[in-house]
Amino acid sequence: KEIRRVARMTRTMLEISMQALLTLDTRGLTRVYKTEEAVDILKEGVNIYLHQIAERELSERQSILLQYLGSCMNDFERAADHIDTFGQLTDQKIKKDIWFDNDDVKQLVILYKSIDEILKLTVRSLKPLSDKTDVSLEALVAVQDQYFEKSKAVREIFQQKILNKG
């Protein structure tokens, strides 16, 4: 439940950061930074809990599931760190009066949508066992692969704009 909560928090952070980039309004970024701190705290708590469970006698399946949950938590915390950095870069972009052309903004929006889709599918995949999940591993991997392809080009554009202005 807590890992799903962190996934939703991370998705909200992404939405706020992208909104700040598109509207040039950084007021919401404080919430992003505070949420990232909360994600760090929740990660510690979840990891302690998972470690306590790991000390029990578990089946091989349970052990694998426990490792998966720990990996998910670490991935969400890392994503929150990246979104926090994105928020800071957005803040710098606005303060330095850096502008993107329409094509650059379109690419950033495409990347945002890819990341949001990954987070949305992941949240849905973490439903409690009593619910049937409608997310296949193949669908999630396909969306992640698409994201990785798009992210390289968009990241280079964003960093180059900041470096050229700085």
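Owing to the predicted nature of the structure, the values given are computational and were not obtained by experimental measurement. In what follows, residues are counted from 1 in the order of the sequence shown.
- Phe148 and Ile115 end up in the same hydrophobic cluster when Ile, Leu, Val, Met, Phe, Trp and Tyr side chains are linked at under 4.5 Å.
- Between Leu119 atom CG and Phe76 atom CZ the span is 6.5 Å, to the nearest 0.5 Å.
- Listed by first and then second residue, the ring-ring contact (aromatic ring centres under 6.0 Å, His included) pairs involving residues 24-57 amount to none (not counting sequence neighbours).
- Rounded to the nearest 0.5 Å, atoms CD1 (Ile3) and CG (Asp75) are 10.5 Å apart.
- Take Asp145 and apply the salt bridge (Lys or Arg N to Asp or Glu O under 4.0 Å) test, not counting sequence neighbours, and it matches no residue.
- Legend: side chain to side chain donor-acceptor pair (under 3.5 Å) pairs involving residues 79-91, not counting sequence neighbours, sorted by first then second residue: Asp84-Gln88, Asp91-Lys95.
- Residues satisfying the salt bridge (Lys or Arg N to Asp or Glu O under 4.0 Å) test with Glu117, not counting sequence neighbours, are Lys120.
- For Asn74, there are no side-chain hydrogen bond (donor to acceptor under 3.5 Å, both in side chains) partners two or more places apart in sequence or in a different chain.
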- Message: Applying side chain to side chain contact (heavy atoms under 4.5 Å, CB included) to Glu2 and Met73, what does each step give before you reach the verdict?
- Response: CA-CA 9 Å; Glu2 287 302 298; Met73 189 64 222; over 6 Å; no

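- Evaluation of the salt bridge (Lys or Arg N to Asp or Glu O under 4.0 Å) rule for Arg31 yields no partner, not counting sequence neighbours.
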Show me the side-chain donor-acceptor pairs of residues 62-69 shorter than 3.5 Å, one per line, residues at least two apart or across chains.
residue: Gln62; atom: OE1; partner: Ser59; partner atom: N; Å: 2.8
residue: Gln62; atom: OE1; partner: Ser59; partner atom: OG; Å: 3.3
residue: Ser63; atom: OG; partner: Ser59; partner atom: O; Å: 3.1

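- Of all non-hydrogen atoms in Met9 and Ala38, the two that sit nearest each other are CE-CB, 3.9 Å.
- Residue Arg11 forms a side-chain contact (heavy atoms from CB on, under 4.5 Å) with just one option from Thr122, Ile118, Asp116, and that option is Asp116.
- With sequence neighbours excluded, no residue forms a side chain to side chain contact (heavy atoms under 4.5 Å, CB included) with Glu44.
- Put simply, CD1 on Ile94 and OG1 on Thr26 are 5.5 Å apart, with the number rounded to the nearest 0.5 Å.
- Under the 4.5 Å side-chain heavy-atom criterion for Ile, Leu, Val, Met, Phe, Trp and Tyr, Val143 and Ile110 are members of distinct hydrophobic clusters.
- In this structure, the separation between CD on Gln19 and CG on Leu24 is 10.5 Å, given to the nearest 0.5 Å.
- Within a 6.0 Å sphere centred on CD of Glu55, other residues, nucleotides and ligands contribute more than 12 heavy atoms.
- Applying the salt bridge (Lys or Arg N to Asp or Glu O under 4.0 Å) criterion to Arg56, with sequence neighbours excluded, gives no partner residue.
- Put simply, the side chain of Glu36 does not reach to within 4.5 Å of the side chain of Ile83, judged on heavy atoms.
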- Yes or no on side chain to side chain contact (heavy atoms under 4.5 Å, CB included) for Lys43 and Val6, after CA distance, side-chain angles and deciding distance? CA-CA 8 Å; Lys43 176 191 168 203; Val6 168; over 6 Å; no

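- The side chain to side chain contact (heavy atoms under 4.5 Å, CB included) search around Glu15 returns Tyr112, not counting sequence neighbours.
- Heavy-atom minimum distance, Gly28 versus Ile16: O-CG2, 3.3 Å.
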- Message: I'd like to know whether Leu21 forms a side chain to side chain contact (heavy atoms under 4.5 Å, CB included) with Lys93, so could you lay out the CA-CA distance, the side-chain angles of the two residues, the decisive distance to 0.1 Å, and finally the verdict.
- Response: CA-CA 9 Å; Leu21 178 72; Lys93 170 198 168 302; 3.5 Å; yes

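- Applying the side chain to side chain contact (heavy atoms under 4.5 Å, CB included) criterion to Val109, with sequence neighbours excluded, gives Met18, Leu22, Val105, Lys113.
- Nearest heavy-atom pair across Thr10 and Ala80 is CG2-N, 4.1 Å.
- Under the rule for a side chain to side chain contact (heavy atoms under 4.5 Å, CB included), the partners of Val123 that lie at least two apart in sequence or sit in another chain are Arg4, Ala7, Arg8.
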